[in-house]
Amino acid sequence: MVKIGDILMLEPKYSQQKEKFNCMVVEMGPGCVYTDFPINVGTGKIAFLMDGTKFKVTFSNEGQAVYVFDSEVLGKVKGRIPMMQLLLPEAETFVKIQRRQYMRLDVTLDTAIHPEHTEFTPFRALTEDISAGGASIRLLKGTNIQSVSQLYLWMALTLKSGEIHYLRLKSKVIRIDPAKNDVQTIMRFIFEKQVDLKKKGLRV
């Protein structure tokens, strides 16, 4: 199930600190995967994890199903890039998470969209909704982006405590639905006009 290019989210199993780390699979091995050095989601800095550290690993496949499995750091490897070796158990031990467990929130967030390579010019956009499994992004007309494009989504999340978390998420465009955006725009226009008319004392 796991393949090169997949993004893994690591959560330490035996730690009092609620930390999360993101890393990308760069090589496969027998019973293991090799990833780039993980990024601490909270600080945005590279993390150097100790050998033997045990994790709960979450990832999604091409079908957008989400899976969880147990792993641990097996070691560090010097190659073309510094790599971390992670234990990869048998796929039969993976636990599938139902997508409905991810609550979707209608919220507008300022985001930056960057290509994986140079497929398009980076641009800013706004989210329409977001969940732990994905987001709906409002695009301007003429935006040069295609379905199934690989890209990086940058956003800043401000928690109630005042903490600001800067996220860099490797993502994939599932679909582009211009008709949906048009309908939502029309519905919003009608709603706003109805509110104006009610304020003026007119029946609608």
Side-chain angles (χ1 to χ4, degrees), residues 1-103 113-120 130-135 145-155 157 165-175:
M1 289 185 180
V2 180
K3 65 182 187 309
I4 293 175
D6 282 347
I7 300 297
L8 308 180
M9 185 178 74
L10 314 179
E11 297 180 75
K13 295 186 66 176
Y14 307 110
S15 173
Q16 295 181 350
Q17 295 181 331
K18 300 296 183 181
E19 293 180 306
K20 294 183 180 180
F21 307 91
N22 284 339
C23 57
M24 183 173 67
V25 178
V26 293
E27 288 187 20
M28 304 291 298
C32 68
V33 294
Y34 298 91
T35 73
D36 56 4
F37 275 19
I39 301 294
N40 186 307
V41 174
T43 65
K45 296 181 180 179
I46 293 177
F48 299 94
L49 305 176
M50 294 180 59
D51 293 358
T53 305
K54 298 184 184 298
F55 292 95
K56 180 178 73 174
V57 179
T58 305
F59 79 102
S60 61
N61 63 11
E62 290 182 344
Q64 296 304 295
V66 179
Y67 294 90
V68 176
F69 62 88
D70 291 332
S71 182
E72 68 176 275
V73 178
L74 298 178
K76 313 295 188 302
V77 179
K78 292 183 179 180
R80 293 180 292 105
I81 60 172
M83 296 184 296
M84 180 175 69
Q85 184 183 18
L86 286 177
L87 173 69
L88 181 65
E90 295 293 333
E92 290 77 12
T93 66
F94 292 8
V95 177
K96 185 175 182 180
I97 299 176
Q98 297 297 326
R99 281 243 171 222
R100 62 176 174 268
Q101 292 180 352
Y102 287 144
M103 182 183 71
I113 313 296
H114 289 253
E116 184 177 23
H117 302 293
T118 57
E119 297 85 351
F120 58 84
I130 187 172
S131 75
I145 191 171
Q146 303 296 323
S147 295
V148 306
S149 293
Q150 301 284 344
L151 52 84
Y152 286 97
L153 178 66
W154 295 74
M155 64 174 62
L157 301 182
H165 294 261
Y166 297 94
L167 307 183
R168 176 180 180 267
L169 308 170
K170 187 171 184 180
S171 309
K172 181 172 69 174
V173 178
I174 302 302
R175 68 178 182 274

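Just so you know, residue 1 is the first one in the sequence shown, and it goes up from there.
The distance from atom CE of M24 to atom CG of D6, rounded to the nearest 0.5 Å, is 10.0 Å. Distance check, rounded to the nearest 0.5 Å: OH of Y166 to CG of L157 gives 10.5 Å. With rounding to the nearest 0.5 angstrom, the CE atom of M9 is 10.5 Å from the OG atom of S60. Note: Y34 OH to K76 NZ = 13.0 Å, rounded to the nearest 0.5 Å. To the nearest 0.5 Å, atoms OG (S71) and CG (L87) are separated by 4.5 Å. Between atom CG of residue L153 and atom OG of residue S171 there is a gap of 5.0 Å, rounded to the nearest 0.5 Å.
Among I7, L10, L8, V68, the single residue meeting the side chain to side chain contact (heavy atoms under 4.5 Å, CB included) criterion with T58 is V68.
Looking at T53, its side chain never comes within 3.5 Å of a backbone N or O of V73 through a donor-acceptor pair. Between the T93 side chain and the A91 main chain, no donor and acceptor come within less than 3.5 Å of each other.
Closest non-hydrogen pair, G52 versus E72, comes out as CA-OE1, 3.8 Å. Pairing each heavy atom of P115 with each of Y152, the nearest pair is O-CD1, 4.0 Å.
Side-chain contact check for P38 versus F48: every heavy-atom pair is 4.5 Å or farther apart. Within the 4.5 Å cutoff, side-chain heavy atoms of W154 are placed close to those of H114. Contact of the I130 side chain with the M155 side chain is registered, since non-hydrogen atoms from C-beta on lie closer than 4.5 Å.
In this structure, the side-chain contact (heavy atoms from CB on, under 4.5 Å) partners of V41, at least two apart in sequence or on a different chain, are K20, N22, L167. Every residue was checked against the salt bridge (charged side-chain N to carboxylate O under 4.0 Å, His left out) condition with E19, not counting sequence neighbours, and none meets it. Partners of D70 under the side-chain contact (heavy atoms from CB on, under 4.5 Å) rule, at least two apart in sequence or in another chain, are K13. With sequence neighbours left out, V95 forms a side-chain contact (heavy atoms from CB on, under 4.5 Å) with no residue at all. Judged as a side-chain contact (heavy atoms from CB on, under 4.5 Å), and not counting sequence neighbours, the contacts of P82 are F37. E116 meets the salt bridge (charged side-chain N to carboxylate O under 4.0 Å, His left out) test with K170; sequence neighbours excluded.
Heavy atoms of other residues, nucleotides or ligands lying less than 6.0 angstrom from CD1 of I46 number 12 at most. At most 12 non-hydrogen atoms from other residues, nucleotides or ligands lie less than 6.0 angstrom from NZ of K54.
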Practice prompt. For the pair F59 and V2, evaluate side-chain contact (heavy atoms from CB on, under 4.5 Å) and give the outcome as yes or no after the intermediate values.
Written response: CA-CA 8 Å; F59 79 102; V2 180; 3.6 Å; yes

Practice prompt. Could you walk me through whether L86 and L74 pass the side-chain contact (heavy atoms from CB on, under 4.5 Å) test, one step at a time?
Written response: CA-CA 5 Å; L86 286 177; L74 298 178; over 6 Å; no

Worksheet entry | Residue pair M83, T35: steps toward the side-chain contact (heavy atoms from CB on, under 4.5 Å) verdict | CA-CA 5 Å; M83 296 184 296; T35 73; over 6 Å; no

Discussion item. Under the criterion side-chain contact (heavy atoms from CB on, under 4.5 Å), I'd like the reasoning laid out for I113 against F120: C-alpha separation, chi angles, the key distance, then a yes or no.
Written reply: CA-CA 10 Å; I113 313 296; F120 58 84; 4.0 Å; yes

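The aromatic rings of F69 and F94 lie parallel to each other, their planes meeting at an angle below 30°, with 60° marking the opposite boundary.
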